[in-house]
A.B. asks: 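Mind looking over this structure? Questions follow.
Everything numeric in this text was worked out from a predicted model, so none of it was measured. Residue numbers begin at 1 in each chain, while the letters A, B, ... track the order of the sequences.
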Amino acid sequence: MSNSSQSLELLFTFLSRSYTTLETNFFKIPGSAVVARYVKSSHQNDPGRTLLEAILIIFAIRTLLQSRTRGDQSAKHFIQFDEKEIDELVDEWTPEPLAQPLSAHEQAELASVPVIVGPNGPKPKLASGKIVTNLASYNFTGLAGNEEIKVAALDTLKRFGLGSCGPPGFYGTQDVHIQLEKDIADFLGTEASIIYSQAFATISSVIPAFCKRGDIIVADRGVNFAIQKGLQISRCTIRWYDHNDMESLEHVLESVEKERQKRKSPLTRRFIVTEGIFDHDGAMSDLPKLVELKKKYKYRLILDETLSFGSVGRTGRGLTELYNVPASEVDMLVGSMATGLSSCGGFCAGSHVVVNHQRINGTSFVFSASMPALLTVAASEGINVLRNSPSILTTLQENVRAVRAILDRVDCIHIPSHPASAVIHLQIRWPTLQVPSAMTATPSSSSKSSRSNPLLVKPRDPPQFNVELEERLLQEVVDEALAQGVLITRAKRLRGQELIEVRPSVRLAVTAALSRKDCEKAAAVVKAAFVKVVGKRR
Amino acid sequence: MSSLPTAASYLSAVSEADARARAHGATPTSTPALSMSSSVTSSSEDTVLDESGVDVADGLSYPRVPPTSDQVFTTVHSEFGHCANEDYRYTSQHRAGTPYKSIPEQDPPYYILLTTYISYIIVICLGHVRDFVGKRFRRANYKHLLPWNGYAALNSDFDSFYTRRLKLRIDDCFSHPTTGVPGRTIVLLDRYSTDYNKTMVLTGTRTRALNISSYNYLGFAQGKGPCTAAVEAAVEKYGWSSGGTRLEAGNLDLHQQAEALVARFMGTEDALISSMGFATNSNIIPGLVGKGSLVISDELNHASIRFGVRLSGANVRMFKHNDMKSLENLLREVISQGQPKTHRPWKKILLIVEGLYSMEGTMANLPIIMALKKKYKFYVFVDEAHSVGAMGPRGRGVADYFGINPREIDILMGTFTKSFGAAGGYIAGNKEIIDRLRIQGHSFTYAEAMTPPVLTQIIASMASIMGVTMPKTPEKPSSPSLALLRSPEPAPVIPESEVIPGTAPASALPSWMPLVPSMIDGSDGKMRLRRLAFNTRYLNRGLRKLGFITYGTDDSPVVPLLLFHPGKMAVFSRMMRTRAVPIIIVVVAYPATPLVTSRVRFCLSAAHTKEDIDEVLRACDEIGNLLDLKHADGERWPVEEIIERAVELVRMPECP
């Protein structure tokens, strides 16, 4: 008994001694007296709080120590297995193949893509040896074969070599890039611009650079795939308005504002995202109305001019020139040097603040090598050509009118594209009464009465069509036109990956490099092909 | 050469020229085949850059030691350094039978860590004070950070704090504008700032600097040479635009030739190419995996991979960088647990790793990954953005380096920016997968196709690494023309296995493409690979012998040198740039690296000569002493000894 009390006594002395050393050491730390005083006084006032705070500290330490990669282990769905069971499960597991083999239809799809031998231009040669009239490639203003540009490009090649060998931040910014950024900004009339090395990767990087979780984006239902991907990455709150319908846009803007007032949520960034000329059908946005609405509701406008830059306006400056709206009214104006200037890459023009922000936050700008110098100079020279010879755009518009004059009045063709658009989509027009199964004519007038839900990307009355049938017919049209010496293409879509199913169409891209006569001839061939393939089924 | 359309006519021209040379009794060293090419000349004025007003004594534009009469250089010294010493060559290869390991990461002394944290704290506090005062007294300067007229601020001041208050202080080290070829040297456009780096003003003067920053591993960034000649021919013939997406109307014969050549280069069945490296990952990964699939990703994977995985909608789990134990634990967990909540088995598991990590210099531990793959049945995606061309005895990337059959790896992805002096990226794998990605990836349907000049650069540079098999001509094999094509040195014989076909068949190349002998026999490519391997090992080991803390492996052409302090980044960069022989380097810090491990990154190139590396080592030695950077353990050599014993240092199997 005495033995045990003695050892207890020893223990107590040890405890008290270690406590004193701890205490003296603790008070040696600068600022510890304050902490001690705080703990003491709070304990006096409210002993429960000490306990609470101790628990909080323990919890914080536990959270910090928990490994990120093993986050699931403590979750309630975690099942404990022993090693043997895991081995068995591993042996049992058979994964799906990494890629499903192509179906016959998909193989045919790949095989049907024409191979151009030699330079692509208004009259390229195909692998079959045939020389065809090209109404499919993007070469609106015929810059692709321009001799002046070629001389400048070759000169650049000798001075710079080909690749830029580095991202813009690490010695990849060359004087030619700075020059092109300046040229684009001057051409459009914005403060600054920034160039990306692929057009498709531009807007999907611009959107998430500005729009973060909690911000609001109001977008057109018919925006292109690149924008859809940008919206997906941004993780914003997205509201949809009917395709190219300003009334619907205003309604959505109004409802967002009401919702905000009702919830009294703080002010967040708000954006309208749409296209100049839509990739899906060639329709054109009403820019003055867009600008009016964005100012009224205090939104910022992100406008994708991939197809309209270099194809509309007096000198090809795009929608802003066509509608005579200063480009500075568009907060982020995204365009493509690949389609508009027959080079490669894309750009975003805007104010200094907008552009400089992207130099750090534009993912595909920061993490990608800058554009090859040769192609950068080709784009700069392209702008020069456009600036100095407005006649090219006049020729282009004449060609567009010539093609439209022939195709507009064909019974079996429906053209949703704007009359000034150099990209012309041809859809199949079915007679209203005799429609193939799973397909009715597009409702155009009846849908106005009740509105679509802005939360859903699907419109209230989605147009009905039979994708497979129409694609097959259109492919026949394409093949038929090719047999007659005109290269056209179906507008290719990733079926199932687009947010809404896009109606199949044949996409023409008119160019100023062809004479008016050639365009008329080619359009007549397309018309004949449509009549032959679609007309006989009516 | 461009006047000679086919390879056969080229060969006959070579033999004619040879006969002419014999008739005139020329010396055997002035190779007639070289002098007849329009793009390659052996005269000395053409091989150094003609630039008046540049100081010639710095060894950048002109070699310090003039070449002897029997050294014929065909490159411009400022783009691709002249180096004839065969001792300065090495082969980048994993030593069979040894496990892969990178240099053990060393921690700096505690006072370094402590002062690093303190310096961040000081800068952050100062920044907040300035923001606080500025927002109240100089509102105009903060307009874009404050709500204004009913608009929310475009940038939140919290998000942009790091950029405004930390990065801006050392902004003179980033985005320096350049001009000319980003080869061995680069020309900087001098600039200064009058408003603390908010805006930069170009002075109009230029500085030529030694370039140890550009991704130019094999030195194909050249304004003059066979590849450039090929590109020139391509611009003449094809122009510079492809005119649309691959599946619509931008599909050229060149695309198909390039894809076939890439597949042959990588040793896979098929390959596809995309016009941007970043977009190759971000557009193709969504075509591979989706809902119900799991992506296991190294924690240090590149932003493009994360972007792609996020778009794909697949689940993601990360494992500790290059930690194979952590990977195996994770694999056992995810396979046994299945999908979250439902516990259904995963449809498929894709492991994404990088061949060579561009900020660390470490390599994926492929031998162990392949062993794990056999057991756990996941698919492997290797991003070879930095390793293709730069690693392996034949330049075929990490698989070549480790001696692994490339067909065992499911997806080999890489870019053309770094080793091939071009742009864009590729995906190589078996035909089924590649065809699926052509249909299901985003690139082919929506993104513009690669342009002809870029395609040609890829074809020419790859062919030059591979060597070209000429079609059998009726001439006897012992004819003088073929003797000329043989490389002068008895190169180490590498058995040509079926798996990695060594050469490009001439029939696979565009018929109009000019070829030169050094390209046909592959001696040019081999020289580049071996020079890069030497430079790489030399700098890696040299820096360690000086006492610097570096990461990665000895064979990595990306060499990170640890600085720790954010303040030292700017000083290091400025001191290197303002030396007698200016050297430009890349400094990286948070968020590209963990907060405390700010670093300098060197990117080596085959274009560098040994003297260039000596110069870099001397510069690092001096600056390292000044900035107190030498904290590594291990034996140290003085810098002159390192330079003296460079060859010995490189050839040591293990660096003590």
A.B. asks: If we define contacts as heavy-atom pairs under 4.5 Å, which of B:I433, B:V235, B:I439 has the most with chain A?
C.D. replies: B:I439
A.B. asks: Which atoms of B:R246 come close to chain A, meaning under 4.5 Å heavy atom to heavy atom: side chain ones, backbone ones, both, or neither?
C.D. replies: backbone
A.B. asks: Using a cut-off of under 4.5 Å on heavy-atom pairs, state which of B:H442, B:M450, B:H255 scores highest against chain A.
C.D. replies: B:H442
A.B. asks: Please look at B:K375 and chain A and tell me whether the side chain, the backbone, both or neither of the residue comes under 4.5 angstrom of a heavy atom of that chain.
C.D. replies: both
A.B. asks: Tell me, out of A:R159, A:R493, A:R269, who's got the most heavy-atom pairs with chain B below 4.5 Å.
C.D. replies: A:R269
A.B. asks: Just give me the residue among B:N251, B:I585, B:I186 that pairs up with chain A most often, heavy atom to heavy atom, under 4.5 Å.
C.D. replies: B:N251
A.B. asks: Measuring heavy-atom distances to chain A, does B:P453 have an atom under 4.5 Å in its side chain, in its backbone, in both, or in neither?
C.D. replies: both
A.B. asks: Which is it for B:F416 and B:F220 under the side-chain contact (heavy atoms from CB on, under 4.5 Å) test, yes or no, and what are the steps along the way?
C.D. replies: CA-CA 11 Å; B:F416 301 118; B:F220 279 111; over 6 Å; no
A.B. asks: We want to know whether A:H105 and A:S103 form a side-chain donor-acceptor pair, criterion being a heavy-atom distance below 3.5 angstrom.
C.D. replies: no
A.B. asks: Side chain, backbone, both or neither: which part of B:E236 has a non-hydrogen atom closer than 4.5 Å to chain A?
C.D. replies: both
A.B. asks: Counting only non-hydrogen atoms closer than 4.5 Å, does B:T417 touch chain A with its backbone (N, CA, C, O), its side chain (CB onward), both, or neither?
C.D. replies: both
A.B. asks: For B:N149, is it the side chain, the backbone, both, or neither that has a heavy atom closer than 4.5 Å to a heavy atom of chain A?
C.D. replies: both
A.B. asks: So which part of B:F307 gets closer than 4.5 Å to some heavy atom of chain A, the side chain, the backbone, both or neither?
C.D. replies: both
A.B. asks: Among A:L102, A:D279, A:L487, A:N361, which residue has the highest count of heavy-atom pairs closer than 4.5 Å to chain B?
C.D. replies: A:L102
A.B. asks: Can you tell me how far the CZ atom of B:R332 sits from the CD1 atom of A:I86, to the nearest 0.5 Å?
C.D. replies: 5.0 Å
A.B. asks: Look at A:S342, A:S368, A:A338, A:A136 and state which one has the largest set of heavy-atom pairs under 4.5 Å with chain B.
C.D. replies: A:S342
A.B. asks: Using a 4.5 angstrom heavy-atom cutoff, name the option from A:N139, A:I149, A:N356, A:N134 with the most pairs to chain B.
C.D. replies: A:I149
A.B. asks: Heavy-atom distances under 4.5 Å only: say whether B:C173 touches chain A with side chain, backbone, both or neither.
C.D. replies: backbone
A.B. asks: Verify the neighbour count for atom NZ of A:K150: are there more than 12 heavy atoms of other residues, nucleotides or ligands below 6.0 Å?
C.D. replies: yes
A.B. asks: Which one of B:A303, B:G239, B:P286, B:G244 has the most heavy-atom pairs closer than 4.5 Å to chain A?
C.D. replies: B:A303
A.B. asks: For A:N146, check side chain to side chain donor-acceptor pair (under 3.5 Å) against everything at least two apart and list the hits.
C.D. replies: none
A.B. asks: Check each atom of B:T179 against the heavy atoms of chain A and say whether the ones under 4.5 Å are side chain, backbone, both or neither.
C.D. replies: both
A.B. asks: With chain A, which of B:L288, B:T228, B:L311 has the greatest number of heavy-atom pairs at distances under 4.5 Å?
C.D. replies: B:L311
A.B. asks: Does a donor on one side chain and an acceptor on the other come within less than 3.5 Å for B:N155 and B:S160?
C.D. replies: no
A.B. asks: Do the charged groups of A:E257 and A:R270 touch, with an N to O distance under 4.0 Å?
C.D. replies: yes
A.B. asks: Most heavy-atom pairs under 4.5 angstrom with chain A, which of B:I335, B:L188, B:N283?
C.D. replies: B:I335
A.B. asks: Heavy-atom distances under 4.5 Å only: say whether B:E248 touches chain A with side chain, backbone, both or neither.
C.D. replies: both
A.B. asks: Among A:A369, A:C344, A:S364, A:A127, single out the residue with the greatest number of heavy-atom pairs under 4.5 Å to chain B.
C.D. replies: A:S364
A.B. asks: Hey, which of B:E232, B:Q222, B:Q457 is the one that makes side chain to side chain contact (heavy atoms under 4.5 Å, CB included) with B:C227?
C.D. replies: B:Q457
A.B. asks: Please classify the contact of B:H144 with chain A as side chain, backbone, both or neither, using a heavy-atom distance under 4.5 Å.
C.D. replies: side chain
A.B. asks: Could you list the residues that satisfy salt bridge (Lys or Arg N to Asp or Glu O under 4.0 Å) with A:K296, not counting sequence neighbours?
C.D. replies: A:E250
A.B. asks: Considering only heavy atoms, which portion of B:A153 lies under 4.5 Å from any heavy atom of chain A: side chain, backbone, both, or neither?
C.D. replies: backbone
A.B. asks: Pick whichever of A:Y138, A:Y297, A:F170, A:F225 has the most heavy-atom pairs under 4.5 Å with chain B.
C.D. replies: A:F225
A.B. asks: Using non-hydrogen atoms only, which part of B:I584 is less than 4.5 Å away from chain A: side chain, backbone, both, or neither?
C.D. replies: both
A.B. asks: Give a yes or no on whether a salt bridge exists between A:E109 and B:R438, defined as a side-chain N under 4.0 angstrom from a carboxylate O.
C.D. replies: no
A.B. asks: Examine whether an atom of B:K418 lies under 4.5 Å from a heavy atom of chain A, and if so say whether it belongs to the side chain, the backbone or both; otherwise answer neither.
C.D. replies: neither
